[in-house]
2 protein chains.
Amino acid sequence: MTKYQHQTRLLAAIDCIIFGFDGTTLKLLLVQRAIQPEKGRWSLMGGFIQPDESADIAAVRVLKKLTGLEGVYLEQLHTFSDPKRDPIERTLSVTYFALIDIHRYEQQLSDEYHAEWFTLTEIPQLIFDHPEMMYMAQEKLRYKAALHPLLFELLPKKFTLPQLQSLYECVYDMPFDKRNFTRKVLSTKLLVKQKDKDKGNSKKGAFFYKLDNKQYKANLHAFLNIIPNPPIG
Amino acid sequence: MTKYQHQTRLLAAIDCIIFGFDGTTLKLLLVQRAIQPEKGRWSLMGGFIQPDESADIAAVRVLKKLTGLEGVYLEQLHTFSDPKRDPIERTLSVTYFALIDIHRYEQQLSDEYHAEWFTLTEIPQLIFDHPEMMYMAQEKLRYKAALHPLLFELLPKKFTLPQLQSLYECVYDMPFDKRNFTRKVLSTKLLVKQKDKDKGNSKKGAFFYKLDNKQYKANLHAFLNIIPNPPIG
DNA sequence: TCAAAAGTGTTATGAGTACACCCATGG
DNA sequence: CCATGGGTGTACTCATAACACTTTTGA
């Protein structure tokens, strides 16, 4: 016997929920679908899993094709498998959520793939079960970022504490106390203060910080407790 | 166009990591594989996703077939998709972890499916990537149970605080202070004290408690903080 | 000189932890 | 009556949360 008999084979795809932060709002990268059905409508970036690929590898490939980026934070989210989720043919989708530094994103690719960043509050109608995927990704981001140092992935290598704070405020849609926030963040010892300042947002300028990569990798799972009352999920 | 052209179809299966608690140790339900290859070796319970089924439905079906149980706690864990994970033919597996009250398990099914409960420390060699699945399920159980009221799913409807405590001690492999444990658990308001006692383990007897179902469903996501230093993952 | 953002310290409250003795009962 | 497991309270420490003023500097 070389095959499993009498079982149905089906298509397997991956879809990526790609988050970015432009300094003010949290955004999702969407593409206009290139193939029928629903050609031209907005969707998450996805693609079929190839014969020699795991889903993880497929996600990395698709992400690189769309954004030009490698080494991006990418995590398996959930597998969607409703038999009717794709009206053309049964397709199972393994979803991933990705956190990228929006400034590293290569704008030229937008044209090539008809991609666009959307603020979370202005997401267009998406195809299939993509709204559900998006919702789940948001929930997971909020859940996980409340406990783990994750949101750094959305910032440039050098960032300021006010930038970090506004990112958190944006993700949780609530204000944070500057002093408590600073204290908590610094108490994790994940950040290293730099000598130079970012003068983009103020006259005084705010010191840059970098992640202490050794600490970061060791403490990826450290509990942060940045959020006073952690979100549920 | 009625089909996606030039894409490979593949088999899709589900596998269940089934946890049970016998009052003393945490156990996994394993089966002896009924089909080639690896027939007769121990594996997680699984099955192929049928044409009219989502993965969730398939998991429920498989779980009912093996344990006779319905309404069991079942949660999607991770999708394993290495192209070579099954040597016969490429098969993607969506894994689920299940928490069941071991006493509701119908023993007769053990014979029918060659199933057996194994203590976590005495797991036999498993096929394919099932060890990895098992490991991931354990990690997730520990992670999630530290934050959410989850372990109740492993106990009978009526249980005592000492029983609950020994379950936690077993999952986290550490002792807990009885007084602090009791206080924390009761402070969640999830438990309702019953009038009767369990005299199985002591002469004095320990009061039974039941979950307050309304509270439980509303607070499924409540943070428990039963574990002093939450586990990482 | 003033507007705008950055940076910093203290206090009060609540949560977590460590810890030891009495109670009830069946044998 | 005694061995066994069940049940309870307090004090200390530490983490969190609330809160306001000074600094810097470009325009």
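Just so you know, these numbers use all the heavy atoms, side chains as well, and skip hydrogens, waters and symmetry mates. None of the values given here were measured: they were computed from a predicted structure. Letters A, B, ... are given to chains in the order of the sequence lines, protein chains preceding strands, and every chain is numbered from 1.
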Original post:
Rounded to the nearest Å, what distance is computed from the NZ atom of residue B:Lys178 to the P atom of nucleotide C:dC22?
Top reply: 14 Å
Subject >> DNA chain D: 5'-proximal contact among A:Asn180 and B:Thr160 (nearest heavy atom) >> reply: B:Thr160
**OP:** Looking at every strand, decide which applies to B:Asp177 at a 4.0 Å heavy-atom threshold: base, sugar-phosphate, or nothing.
**Re:** base
Original post:
Under 3.5 Å, is there a donor-acceptor pair linking the side chains of B:Ser54 and A:Asp82?
Top reply: no
Original post:
For D:dT23, does either OP1 or OP2 sit under 4.0 Å from a side-chain N or O belonging to A:Lys203?
Top reply: no
Original post:
Rounded to the Å, how far apart are A:Leu164 CG and C:dA6 P?
Top reply: 13 Å
Original post:
Between atom CG of A:Leu28 and atom CD1 of A:Ile123, what is the distance when rounded to the nearest 0.5 Å?
Top reply: 4.5 Å
**OP:** Calculate the interatomic distance between B:Phe181 atom CZ and D:dT8 atom P; express it in whole Å.
**Re:** 14 Å
Original post:
About how many Å separate OG1 of A:Thr182 and CG of A:Asn180, when rounded to the nearest 0.5 Å?
Top reply: 8.5 Å
Original post:
Given C:dA24, is OP1 or OP2 found less than 4.0 Å from the side-chain N or O atoms of B:Lys197?
Top reply: no
Subject >> Aromatic centroids of B:Tyr168 and B:Phe181 separated by under 6.0 Å >> reply: yes
Original post:
When only distance counts, do a donor and an acceptor, one from the side chain of A:Arg179 and one from the base of C:dT11, lie under 3.5 Å apart?
Top reply: no
